[in-house]
Amino acid sequence: IKLPQPQGDFVKWDDLASAKRLHLDGTFFMVHDEARWVILEYSTGKLLAEDTRQLRKENGDLLRSQPEKVWKWLADRAGLDMVQRNSGLPEDFPEDGPFS
């Protein structure tokens with residue numbers, strides 16, 4: 001999905017040769033120039049793209065880091081039960097210690 005182009009002068013995210021214009025000339029920076037639909041397998045947390053291009057890791061991390069209320073909203077829309085997230089901490093990790 002191609003996103004609309006801004007009016008005026010801008011530098012695209014992948015145009016490293018023109019990046020200095022951002023700081024020297026005050027040119028606008030266009031972070032995103034395209035989008036795509038993704039498929040979220042809610043029960044497994046797997047994120048897939050319909051166009052078979054690989055997703056960037058930071059985009060997957062951004063989705064995973066959303067607050068619990070976002071996941072609850074998604075579950076409600078899909079008519080599913082809320083998924084319980086697994087902690088990466090050890091079972092015996094103290095909850096009242098300095099890192100709790």
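Along the sequence shown, the residues carry numbers beginning at 1.
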Exercise. Return the set of residues passing salt bridge (Lys or Arg N to Asp or Glu O under 4.0 Å) with Lys72 (not counting sequence neighbours), or none when no residue passes.
Key: Asp76
Quiz item: Roughly how far, to the nearest 0.5 Å, is CZ of Arg21 from CZ of Phe10?
Solution: 9.5 Å
Quiz prompt | Side-chain touch Leu47/Ile39, heavy atoms, less than 4.5 angstrom | solution = no
Practice problem: Could you tell me which non-hydrogen atom of Lys46 sits nearest to which non-hydrogen atom of Leu48, and how far apart they are? | Solution: CD-CD2, 3.7 Å
Quiz prompt | Residues in salt bridge (Lys or Arg N to Asp or Glu O under 4.0 Å) contact with Arg77, at least two apart in sequence or another chain | solution = none
Quiz item: So does Gln7 have more than 12 non-hydrogen atoms from other groups sitting under 6.0 Å from CD?
Solution: no
Quiz item: Is atom CZ of Phe29 surrounded by more than 12 heavy atoms (other residues, nucleotides or ligands) closer than 6.0 Å?
Solution: yes
Quiz item: About how many Å separate CG of Leu63 and CG of Leu55, when rounded to the nearest 0.5 Å?
Solution: 9.5 Å
Practice problem: Evaluate the salt bridge (charged side-chain N to carboxylate O under 4.0 Å, His left out) criterion for residues Asp25 and Lys20: first the C-alpha distance (whole Å), next the side-chain angles of each, then the deciding distance (0.1 Å), finally the verdict. | Solution: CA-CA 8 Å; Asp25 302 333; Lys20 65 182 179 182; over 6 Å; no
Quiz item: How about Val11 and Met30: do any of their side-chain heavy atoms sit closer than 4.5 Å?
Solution: no
Quiz prompt | Test log, rule salt bridge (charged side-chain N to carboxylate O under 4.0 Å, His left out), inputs Arg64 and Asp61 | solution = CA-CA 5 Å; Arg64 280 186 211 93; Asp61 291 344; 3.0 Å; yes
Practice problem: Tell me, please, which residues at least two apart from Thr27 pass side chain to side chain donor-acceptor pair (under 3.5 Å). | Solution: none
Self-check item: Exceeds 12 heavy-atom contacts within 6.0 angstrom, atom CD of Glu58
Solution: yes
Quiz item: Does Ser18 reach the main-chain N or O of Asp15 with its side chain, forming a donor-acceptor pair under 3.5 Å?
Solution: no
Quiz item: Mind checking whether Val38 and Trp71 sit in one hydrophobic cluster, side chains of I, L, V, M, F, W, Y counted as touching below 4.5 Å?
Solution: yes
